[in-house]
Amino acid sequence: MNYWLIKSEPSVFSWKDLLASPEQITFWEGVRNYQARNYLKTMKKGDLCLFYHSNANPLAIAGIAIVAEEATPDPTALDSRSDYFDPKASPENPRWFGVRVKAHREFSPPVLRSELSDTPELFDMLLLQKGSRLSVQPVKKEHYQIILSLWEKEK
DNA sequence: GCCAACGTTGGC
DNA sequence: GCCAACGTTGGC
C-alpha cells in the first residue's frame, strides 16, 4: 500500500465537503499538472491519502481519505462550462484523470502544518519544502506514521 | 496583499 | 531547443 497527500483549498472543496458527499466519496477532479496526474494514475484502491487544506486558516491535515476507485478520465476537462475545461482534452485523449476517494478518518483536531514544521523527523517531507506546490504527492510510510502519532498524541 | 517558486507558452 | 514572459500556487 502507498501513502499520498492531496491538497485542496477548503473554499473550493473541504474535508467537511467530503464528509457531506454521498457515501462520503468524491471524484478528485481538476488536477491539471502532469506530475500530479501521473501520481493519481499510480494510486491503487486502498491507498491512503492525507487530506491537506492549502490556502487556508489553519493550514492543516484535516483527515485521511482512502482511494475507492482508481484513475479514470476527468470529465471536467471535457466540459466547456467547467473551470477545469481543457480544450486540448478529448474523449479519445482525455489528458487528465482523477480518482475517487472516500473519507476514512477525521483528524479532530486537525494536524497543523506548524506542528509538521516543528517535527524534526519531517524536515524532508515534500509538503514542507520551499516552493513545493505539487497538489498530489507521495508520502513516505515513515512520515505517514509520524503524522499519525502526532494526531494520536493530541486527540 | 506580497512575492518567490514553479510550470507553461510561444517567438525565435 | 532555448529562454523570456506570463500565469498560478500557496505560504507568509
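Given the structure is predicted, the values throughout are model-derived calculations rather than measurements. Numbers restart at 1 for each chain; the letters A, B, ... are given by sequence-line order, proteins then strands.
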Nearest non-hydrogen partners of A/His104 and A/Leu48, listed with the distance
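Minimum heavy-atom contact is CD2-CD2, 3.8 Å.
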Would you please name every residue forming a side chain to side chain donor-acceptor pair (under 3.5 Å) with A/Asp118, sequence neighbours left out?
none
Report the residue (A/Lys88 or A/Ser132) whose heavy-atom-nearest nucleotide on DNA chain B is the more 5′ of the two.
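Taking each residue's closest nucleotide, the earlier one in sequence belongs to A/Ser132.
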If each of A/Asn55 and A/Arg32 is mapped to the nucleotide of DNA chain B with the nearest heavy atom, which maps nearer the 5' terminus, i.e. the 5' end?
A/Asn55
Working for side-chain hydrogen bond (donor to acceptor under 3.5 Å, both in side chains), residues A/Ser14 and A/Asp17
CA-CA 5 Å; A/Ser14 70; A/Asp17 292 330; 3.2 Å; yes
Return yes when atom CG of A/Asp83 has more than 12 non-hydrogen atoms of other residues, nucleotides or ligands closer than 6.0 Å, and no otherwise.
no
Could you state whether A/Val136 and A/Leu134 fall into the same hydrophobic cluster, counting links through intermediate Ile, Leu, Val, Met, Phe, Trp or Tyr residues with side-chain heavy atoms under 4.5 angstrom apart?
yes
When you list every nucleotide of DNA chain B with an atom under 4.0 Å from a heavy atom of chain A, which one comes first 5' to 3', and which comes last?
B/dA4 to B/dT9
